[in-house]
Peer 1: 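What follows is a single structure, and I will ask about it in a moment.
In this chain, residues are counted from 1 in sequence order. No hydrogens, no waters, no symmetry mates; every other heavy atom, side chains included, goes into these values.
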Amino acid sequence: MTLLLQYTLIFASVLVLVALGGCFSEHSGVINIGLEGIMVMGALGGALMMKFLPAGTSAPVIILLVTLASMLLGLLYSLLLAVAAINFKADQTLVGTAMNLLGTAAATVFVKAMNTAESVDNVSSTIQYIEPKKAFLVNIGSFEFNWFMLMAAAALVIAYVTLYKTRFGLRLMACGEHPQAADSVGINVYKMRYAGVMISGVLGGLGGIVYITAGVSEWKFENGVAGFGFLALAVMIFGQWKPTRIALAAILFGFFRALGNVYSGFDVLQALNLPSSVYNMLPYIISLVVLAFTSQKSRAPKAEGIPYDKGQR
């Protein structure tokens, strides 16, 4: 049971971070389908930092540098969406889809080239981070606490306060609801949309490194992040673009994802004699069922996905 709780919280942390990123982007009026690619890039940044940090680096420094590397690379990658969607008014869904394909492909090519340069016999797309990963873990009895869980909780509180208690958040949401009205009172819609997309890049990148370090000490980048970016979008929609509801939805989906890792520890589940792939599919099946019943009542920001034209009223 402890292991189930541990995995539920770490997977929920991934979903909270990435879904909050999508929430900020869509509240600004930009649909971010490219969260999957952003996660891969954030994971790459953090994994490279862990790989090249000198041995003996203190735990706080490892946590700080890995976190910053993930967020920075996620932010930089999200600028592709910002420039294409905001400046060039490209179709946001197509740009996001292209980012997802490019993210995994680029990370795979880069890691394979790096590994081959180190050893001509090593053509894998794998990065190991066995020792640095330990800096994020604290054993509390039989429970393995991960500092990323605390970061996700902090991000949730900050997101709620930012969106509903600050001038910036209210302006951001105004740009996603009625950008022309926001512009008429002096709000720079382009800047606010850039801010929303960049915040989604920061949170998505952080979610990427949390995902690849959840329970494993190496990652093969040709696997991407196994659809977790799309699962985070489902969490965001199910959570109605509200941070508190997103947190509850993330725990629900995180629980079903965790079952895929620990089902063998439950006699009842093991007696069913189902293949492990069934449990791994559960969160995606649940997301389809949930969205099928709740999507009609969903209320997305009215102007999301619509390129802003300053001359249009």
Peer 1: Stepwise, does the side chain to side chain contact (heavy atoms under 4.5 Å, CB included) test hold for Phe256 with Tyr279?
Peer 2: CA-CA 8 Å; Phe256 286 109; Tyr279 294 99; over 6 Å; no

Peer 1: Shortest non-hydrogen contact from Ile38 to Gly201?
Peer 2: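 Scanning both residues, the minimum pair turns out to be CG2-O, 3.6 Å.
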
Peer 1: Has the side chain of Asn280 got a donor or acceptor atom that lies under 3.5 Å from a matching backbone atom of Arg257?
Peer 2: no

Peer 1: Do side-chain atoms of Arg245 reach the backbone of Gln240 as a donor and acceptor pair under 3.5 angstrom?
Peer 2: no

Peer 1: To check you understand the geometry: which heavy-atom pair defines the closest contact between Ser13 and Ala152, and what is its length?
Peer 2: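 Between these two residues, the closest heavy atoms are CB-CB, 3.6 Å.
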
Peer 1: Establish whether Val262 and Ile251 are linked, either directly or via other cluster members, by ILVMFWY side-chain heavy-atom contacts under 4.5 Å.
Peer 2: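 Val262 and Ile251: separate clusters.
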
Peer 1: Check whether any side-chain N or O of Lys133 sits under 3.5 Å from a backbone N or O of Val216 as a donor-acceptor pair, and report yes or no.
Peer 2: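 Yes; judged by distance alone, with no hydrogens or angles, the pair exists.
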
Peer 1: Begin from the C-alpha positions of Leu48 and Met114 and carry the test side chain to side chain contact (heavy atoms under 4.5 Å, CB included) through to its verdict.
Peer 2: CA-CA 10 Å; Leu48 288 174; Met114 179 185 69; 3.6 Å; yes

Peer 1: Has the side chain of Ser119 got a donor or acceptor atom that lies under 3.5 Å from a matching backbone atom of Thr116?
Peer 2: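 The answer is no, because no donor-acceptor pair under 3.5 Å joins these two groups.
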
Peer 1: Would Tyr7 end up clustered with Leu150 when hydrophobic side chains under 4.5 Å apart are linked, directly or stepwise?
Peer 2: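 Linked, Tyr7 and Leu150 end up in one cluster.
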
Peer 1: Go through the structure and list residues passing side-chain hydrogen bond (donor to acceptor under 3.5 Å, both in side chains) with Asn122, not counting sequence neighbours.
Peer 2: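 In terms of side-chain hydrogen bond (donor to acceptor under 3.5 Å, both in side chains), with neighbours along the sequence ignored, Asn122 is linked to Ser124.
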
Peer 1: Are Leu5 and Leu15 joined in one hydrophobic group, where the rule is that I, L, V, M, F, W and Y side chains link up if heavy atoms are under 4.5 Å apart?
Peer 2: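 Leu5 clusters together with Leu15.
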
Peer 1: What distance separates Ser28 OG from Lys191 NZ, expressed to the nearest 0.5 Å?
Peer 2: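 Answer for the OG-NZ pair, Ser28 versus Lys191, is 15.5 Å.
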
Peer 1: Would a distance-only check, ignoring hydrogens and angles, find a side-chain to backbone donor-acceptor pair under 3.5 Å from Gln6 to Glu144?
Peer 2: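 Yes, because the side chain of Gln6 sits within donor-acceptor range (under 3.5 Å) of the backbone of Glu144.
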
Peer 1: Does any part of the side chain of Val202, heavy atoms only, come nearer than 4.5 Å to the side chain of Leu206, both counted from C-beta?
Peer 2: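 No, side chains not in contact.
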
Peer 1: Testing the basics here: between Gly207 and Val14, what is the closest heavy-atom pair and its distance to 0.1 Å?
Peer 2: O-CG1, 3.6 Å

Peer 1: Drop me the distance from Phe253's CZ to Phe238's CZ, to the nearest 0.5 angstrom.
Peer 2: 6.0 Å

Peer 1: Could you check whether any side-chain N or O of His27 sits under 3.5 Å from a backbone N or O of Pro301, counting only pairs where one atom can act as donor and the other as acceptor?
Peer 2: no

Peer 1: Mark yes or no for whether Gln92, through its side chain, and Ala85, through its backbone, hold a donor-acceptor pair below 3.5 Å.
Peer 2: no

Peer 1: What's the separation between atom OG in Ser58 and atom CG in Leu65, rounded to the nearest 0.5 Å?
Peer 2: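 That separation rounds to 8.5 Å.
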
Peer 1: Ring-plane angle category for Trp147 and Phe145, please: parallel below 30°, perpendicular beyond 60°, tilted otherwise.
Peer 2: perpendicular

Peer 1: Do Leu35 and Phe230 have side chains that get closer than 4.5 Å, going by heavy atoms?
Peer 2: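 Counting from C-beta outward, Leu35 and Phe230 never come under 4.5 Å.
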
Peer 1: Mind telling me whether Tyr284 and Phe228 have parallel, tilted or perpendicular rings, with 30° and 60° as the class edges?
Peer 2: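 Taking Tyr284 first and then Phe228, their aromatic rings stand perpendicular (interplane angle over 60°).
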
Peer 1: Can you tell me how far apart OG (Ser277) and CG (Leu282) are? Round to the nearest 0.5 Å.
Peer 2: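 One finds 10.0 Å between OG of Ser277 and CG of Leu282.
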
Peer 1: Does any part of the side chain of Phe136, heavy atoms only, come nearer than 4.5 Å to the side chain of Val66, both counted from C-beta?
Peer 2: yes

Peer 1: Does a side-chain heavy-atom distance below 4.5 Å link Leu231 with Ser287?
Peer 2: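 Touching, per the 4.5 Å side-chain cut-off.
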
Peer 1: Whether the Ser125 and Glu222 side chains hold a donor-acceptor pair (N or O, under 3.5 Å, no angle test) is what I'd like checked.
Peer 2: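 Side chains of Ser125 and Glu222: pair found under 3.5 Å.
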
Peer 1: Give a yes-or-no answer on whether the side chains of Ser217 and Gln128 include a donor-acceptor pair shorter than 3.5 Å.
Peer 2: no

Peer 1: So which heavy atom on Ser78 is nearest to which on Val197, and how close?
Peer 2: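 Smallest interatomic distance, heavy atoms only, reads O-CG1, 3.4 Å.
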
Peer 1: Under 3.5 Å, is there a donor-acceptor pair between the side chain of Ser70 and the main chain of Gly42?
Peer 2: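 Checking the backbone N and O of Gly42 against the side chain of Ser70, a donor-acceptor pair under 3.5 Å is found.
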
Peer 1: I want to check something: taking the side chain as every heavy atom from C-beta on, are Met71 and Leu68 in contact at a cut-off of under 4.5 Å?
Peer 2: yes

Peer 1: Taking Thr104 for its side chain and Leu101 for its backbone only, find out whether a donor-acceptor pair lies under 3.5 Å.
Peer 2: no

Peer 1: Could you note down all residue pairs passing side chain to side chain donor-acceptor pair (under 3.5 Å) where residues 151-176 supplies at least one of them, sequence neighbours left out?
Peer 2: none

Peer 1: Given side chains that start at C-beta, do those of Thr67 and Ile209 come closer than 4.5 Å, heavy atoms only?
Peer 2: no

Peer 1: Which value, rounded to the nearest 0.5 Å, describes the distance between Leu156 atom CG and Ile246 atom CD1?
Peer 2: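 Answer for the CG-CD1 pair, Leu156 versus Ile246, is 8.5 Å.
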
Peer 1: With hydrophobic residues grouped by side-chain heavy-atom distances under 4.5 Å, do Leu72 and Val61 end up in a single group?
Peer 2: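 Yes, Leu72 connects to Val61 through the hydrophobic network.
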
Peer 1: Would Ile31 and Ile33 count as a side chain to side chain contact (heavy atoms under 4.5 Å, CB included) if you check the C-alpha gap in whole Å, the side-chain angles of each, and the deciding distance to 0.1 Å?
Peer 2: CA-CA 6 Å; Ile31 298 175; Ile33 301 294; 3.7 Å; yes

Peer 1: Would you check, one step at a time, whether the test salt bridge (Lys or Arg N to Asp or Glu O under 4.0 Å) holds for Glu118 with Lys51?
Peer 2: CA-CA 13 Å; Glu118 292 177 350; Lys51 177 180 174 64; 3.5 Å; yes

Peer 1: About how many Å separate OG of Ser200 and CG of Leu81, when rounded to the nearest 0.5 Å?
Peer 2: 7.0 Å

Peer 1: Under a 3.5 Å threshold, yes or no: a donor from one side chain and an acceptor from the other, between Tyr308 and Asp183?
Peer 2: yes

Peer 1: Counting C-beta onward and ignoring hydrogens, is there a side-chain heavy-atom pair between Pro243 and Leu163 closer than 4.5 Å?
Peer 2: yes

Peer 1: If you look at every heavy atom in Ala107 and Met41, which pair is closest and at what distance?
Peer 2: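 The pair with the smallest heavy-atom distance is N-CE, 4.1 Å.
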
Peer 1: Taking the side chain from Trp219 and the backbone from Gly224, do they hold a donor-acceptor pair closer than 3.5 Å?
Peer 2: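 Pair found, side chain donor or acceptor close to backbone of Gly224.
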
Peer 1: Under 4.5 Å between any side-chain heavy atoms of Leu79 and Tyr194, yes or no?
Peer 2: yes

Peer 1: Hey, quick one: are Leu94 and Leu102 part of the same hydrophobic cluster, counting side-chain heavy atoms closer than 4.5 Å, chains of contacts allowed?
Peer 2: no

Peer 1: Check the surroundings of atom CZ in Phe52: do more than 12 heavy atoms from other residues, nucleotides or ligands lie under 6.0 Å from it?
Peer 2: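 Yes, the 6.0 Å shell around CZ holds more than 12 heavy atoms from other groups.
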
Peer 1: List the atom of Glu36, the atom of Gly229, and the distance in Å for their closest heavy-atom pair.
Peer 2: OE1-N, 2.7 Å

Peer 1: Between Arg193 and Glu26 (salt bridge meaning N to carboxylate O under 4.0 Å), is one present in this structure?
Peer 2: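 No, no charged N to carboxylate O under 4.0 Å.
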
Peer 1: May I ask you to check whether over 12 heavy atoms, not counting those of Phe143, lie within 6.0 Å of atom CZ?
Peer 2: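 Yes.
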
Peer 1: Go through the steps to decide whether Met173 and Leu170 satisfy the test side chain to side chain contact (heavy atoms under 4.5 Å, CB included), and finish with yes or no.
Peer 2: CA-CA 5 Å; Met173 290 191 289; Leu170 296 175; 4.0 Å; yes

Peer 1: Within a radius of less than 6.0 Å around NZ of Lys89, do more than 12 heavy atoms belonging to other residues, nucleotides or ligands occur?
Peer 2: yes

